[in-house]
Amino acid sequence: VQLQASGGGLVQAGGSLRLSCAASGGTFSNYDMGWFRQAPGKERELVATITWNGGITYYTDSVKGRFTIARDNAKNTVYLQMSSLKPEDTAVYYCTAARLYSQVVTGRGNYWGPGTQVTVSS
């Protein structure tokens, strides 16, 4: 499956962005999905995950209450709604897909998109 993330950009602190990750070339509903991010000089970090049917979601502590992950299997797309953005949210955001949820959570997903830059100014 091929993944393409979009929706990144430059936003002021306190603002919002919605990232999208469109999948093609596979049966999207077969895959658990996740969003990771990597800031300059830092390791890649898990942000949020969602199971194939949206039944289970997970958020890293730093984004709880501010970010929401969702998916639309009819549109083969997973979303990350980001609100109350902070400068420390600045990073390249990547979406990933895997057949096993454990692979998504551990960053060992089979498929990764090329990333979209999110920059939050103070």
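At least one side-chain heavy atom of Phe67 sits less than 4.5 Å from a side-chain heavy atom of Leu85. Contact check for Arg37 versus Asp89: side-chain heavy atoms found under the 4.5 Å cut-off. Leu19 places a side-chain heavy atom less than 4.5 Å from the side chain of Trp35. Between Leu46 and Thr60, the closest side-chain pair of non-hydrogen atoms is not below 4.5 Å. Between Tyr79 and Asp72, some side-chain heavy-atom pair lies under the 4.5 Å cut-off.
Residues Asn76 and Phe28 approach most closely at OD1-CB, 3.3 Å, considering heavy atoms. Smallest separation of non-hydrogen atoms from Ser62 and Glu45: OG-OE2, 4.0 Å. Summarising the geometry of Ser122 relative to Ala13, their closest heavy-atom pair is CA-CB, 4.3 Å, with the distance given to 0.1 Å. Across all their heavy atoms, Ala39 and Thr90 have their closest contact at CB-O, 3.6 Å. The two atoms that bring Ala97 and Leu3 nearest to each other are N-CD1, 3.8 Å, heavy atoms only. The heavy-atom pair separating Arg99 from Asn30 by the smallest distance is CD-O, 3.5 Å.
Between Thr77 atom OG1 and Gln4 atom CD the span is 11.5 Å, to the nearest 0.5 Å. Going from atom CG of Asn110 over to atom CG of Leu100 covers 8.0 Å, rounded to the nearest 0.5 Å. A distance of 7.0 Å separates CE in Met33 from OG1 in Thr96, rounded to the nearest 0.5 Å. One finds the OH atom of Tyr58 at 11.5 Å from the CD1 atom of Ile69 (value rounded to the nearest 0.5 Å). Interatomic distance, Tyr31 OH to Gln103 CD, rounded to the nearest 0.5 Å: 10.5 Å. One finds the CZ atom of Arg71 at 7.0 Å from the CG atom of Asp32 (value rounded to the nearest 0.5 Å).
Under a hydrophobic clustering in which Ile, Leu, Val, Met, Phe, Trp and Tyr are joined whenever their side-chain heavy atoms come within less than 4.5 Å, directly or via other members, Val1 and Phe36 fall into different clusters. Hydrophobic clustering, with ILVMFWY side chains joined whenever heavy atoms are under 4.5 angstrom apart, keeps Val105 apart from Ile50. Residues Tyr59 and Val120 share a hydrophobic cluster, clusters being chains of Ile/Leu/Val/Met/Phe/Trp/Tyr side chains in contact below 4.5 Å.
Of the listed residues (Val11, Val118, Val63), just one forms a side-chain contact (heavy atoms from CB on, under 4.5 Å) with Met82, and that residue is Val118.
Atom CD1 of Ile56 has 12 or fewer neighbouring heavy atoms from other residues, nucleotides or ligands inside a 6.0 Å radius. Within a 6.0 Å radius of CZ in Arg108, other residues, nucleotides and ligands contribute 12 heavy atoms or fewer.
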Exercise. Would Tyr93 and Cys21 count as a side-chain contact (heavy atoms from CB on, under 4.5 Å) if you check the C-alpha gap in whole Å, the side-chain angles of each, and the deciding distance to 0.1 Å?
Worked result: CA-CA 10 Å; Tyr93 284 70; Cys21 177; over 6 Å; no

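Using cut-offs of 30° and 60° on the angle between ring planes, the pair Trp112 and Tyr94 is perpendicular.
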